[in-house]
Protein chains: 2
Amino acid sequence: MARAATTTDAFNAVAEPRRRQILDILAGGERPVNDLVALLGLAQPLVSKHLRVLREVGLVEVRDEGRQRMYRLNGHPLKSIHDWVKNYEQSWTQRFEQLDVVLAELKEAEGGDDGNGN
Amino acid sequence: MARAATTTDAFNAVAEPRRRQILDILAGGERPVNDLVALLGLAQPLVSKHLRVLREVGLVEVRDEGRQRMYRLNGHPLKSIHDWVKNYEQSWTQRFEQLDVVLAELKEAEGGDDGNGN
DNA sequence: TCGACATATCCCCATATGGGTATATAGTTT
DNA sequence: AAACTATATACCCATATGGGGATATGTCGA
């Protein structure tokens, strides 16, 4: 098996920095493709491809406006990511994360005391 | 260019579900590789490869303990992900996200009234 | 020293990627 | 209808992937 498709879920879709940029721009409001092309400095087909990925995972929605296609953000699929990372927030918030390692090293330093006689 | 390497950053490393599982397990405390192999039901080389990726982006750290290698979590690199998604939290929290679309649709329904006379 | 265990690395493969360029599709204006 | 604008798709390519299997490296026990 190769890597999971970018369209598999929000995690994979958002792993690409360009797609995050697109979402960041759309967070400021609806935009036609050409705006994104200009703002990103990318080739138009590239932008369309990124938008397709984002559409497939539901992170953006489109609306036809004349000959333009207005893309807008739908952050909902990002909730799964948020829910997951949220649980790790303490990892960089607390200072106790190293505790178990410190304990292990202490135990090691104690030498052959295999009994945790406490 | 192909897709960015999985070792590029936390975003790419964590896009793989197996690697998230590994982190989830390690969140419960240090573990030797074999524990992970058993818990994940994956082939041992596979687990070692995933651990390598996680190590390269700094999400796990290793410690030699006899013939075992104890892996432990370092959630810090996840902060960048958290910081990014955090800004989208309102997207699924609020109900106003559709506002601009609703407005656009109203405008459309109004017909050719190009002046926003309000 | 030899065998058993624990882990990492090597090589092989099918696959989807992101970028490029060219072209198709669709709407608008004249 | 023809010219023009806006967007999507098709095709080509180099690359790294995740999984498989075999094997190297390293540690422990007898």
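All of these numbers come straight from a predicted model, not from anything done at the bench. To find a chain, count down the sequence lines: A is the first, B the second, and so on, and within it residues start at 1.
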Rounded to whole angstroms, how far apart are [atom1] on [X] and [atom2] on [N]?
{"X": "R3(A)", "N": "dC13(C)", "atom1": "CZ", "atom2": "C1'", "result": "17 Å"}
{"X": "R31(A)", "N": "dT7(D)", "atom1": "CZ", "atom2": "C1'", "result": "17 Å"}
{"X": "M70(B)", "N": "dA6(C)", "atom1": "CE", "atom2": "P", "result": "13 Å"}
{"X": "R20(A)", "N": "dG18(C)", "atom1": "CZ", "atom2": "P", "result": "12 Å"}
{"X": "L42(B)", "N": "dG21(D)", "atom1": "CG", "atom2": "C1'", "result": "15 Å"}
{"X": "L46(B)", "N": "dT17(D)", "atom1": "CG", "atom2": "P", "result": "13 Å"}
{"X": "E56(B)", "N": "dG18(D)", "atom1": "CD", "atom2": "P", "result": "12 Å"}
{"X": "D64(A)", "N": "dT28(C)", "atom1": "CG", "atom2": "C1'", "result": "14 Å"}

Considering only side-chain heavy atoms of [X], which listed nucleotide, [options], is closest?
{"X": "R18(A)", "options": "dG18(D), dT7(D), dG19(C)", "result": "dG19(C)"}
{"X": "R67(A)", "options": "dG27(C), dT7(C), dT7(D)", "result": "dG27(C)"}
{"X": "A2(B)", "options": "dG19(D), dT17(C), dT15(C)", "result": "dT17(C)"}
{"X": "A5(B)", "options": "dA8(D), dG18(C), dA16(D)", "result": "dA16(D)"}
{"X": "K49(A)", "options": "dA10(D), dG18(D), dT7(C)", "result": "dA10(D)"}
{"X": "P45(A)", "options": "dT21(C), dC5(C), dG20(D)", "result": "dT21(C)"}

Original post:
Between H82(B) and H82(A), what is the ring plane arrangement, given parallel below 30°, perpendicular above 60°, and tilted in between?
Top reply: parallel
Looking at [X], does any N or O in its side chain come under 4.0 Å of the phosphate oxygens OP1/OP2 on [N]?
{"X": "Y71(B)", "N": "dA6(C)", "answer": "no"}
{"X": "R69(B)", "N": "dA6(C)", "answer": "no"}
{"X": "R19(A)", "N": "dG18(C)", "answer": "yes"}
{"X": "R52(B)", "N": "dA8(C)", "answer": "no"}
{"X": "T6(B)", "N": "dT17(D)", "answer": "yes"}

Original post:
Going through the distances and angles, do N74(B) and Y88(A) end up as a side-chain hydrogen bond (donor to acceptor under 3.5 Å, both in side chains)?
Top reply: CA-CA 9 Å; N74(B) 176 1; Y88(A) 292 88; over 6 Å; no
Original post:
Which residue, A4(A) or Q68(A), contacts DNA chain C at a nucleotide closer to its 5' end, judged by nearest heavy atom?
Top reply: A4(A)
Should the pair [X]-[Y] be classified as a salt bridge under the 4.0 Å nitrogen-to-oxygen rule?
{"X": "E16(B)", "Y": "R3(A)", "answer": "no"}
{"X": "E65(A)", "Y": "R69(A)", "answer": "no"}
{"X": "E61(A)", "Y": "R63(A)", "answer": "no"}

Original post:
Quick one: on DNA chain D, does N34(A) or H50(B) contact a more 5' nucleotide (nearest heavy atom)?
Top reply: N34(A)
Subject >> Nearest-nucleotide comparison on DNA chain D, the residue closer to the 5′ end among N12(B) and R55(A) >> reply: R55(A)
Original post:
Less than 3.5 Å between a donor and an acceptor, one on the side chain of Q44(B) and one on the base of dA8(C), is that the case here?
Top reply: yes
Original post:
Between the side chains of H50(A) and R19(A), does any donor sit under 3.5 Å from an acceptor?
Top reply: yes
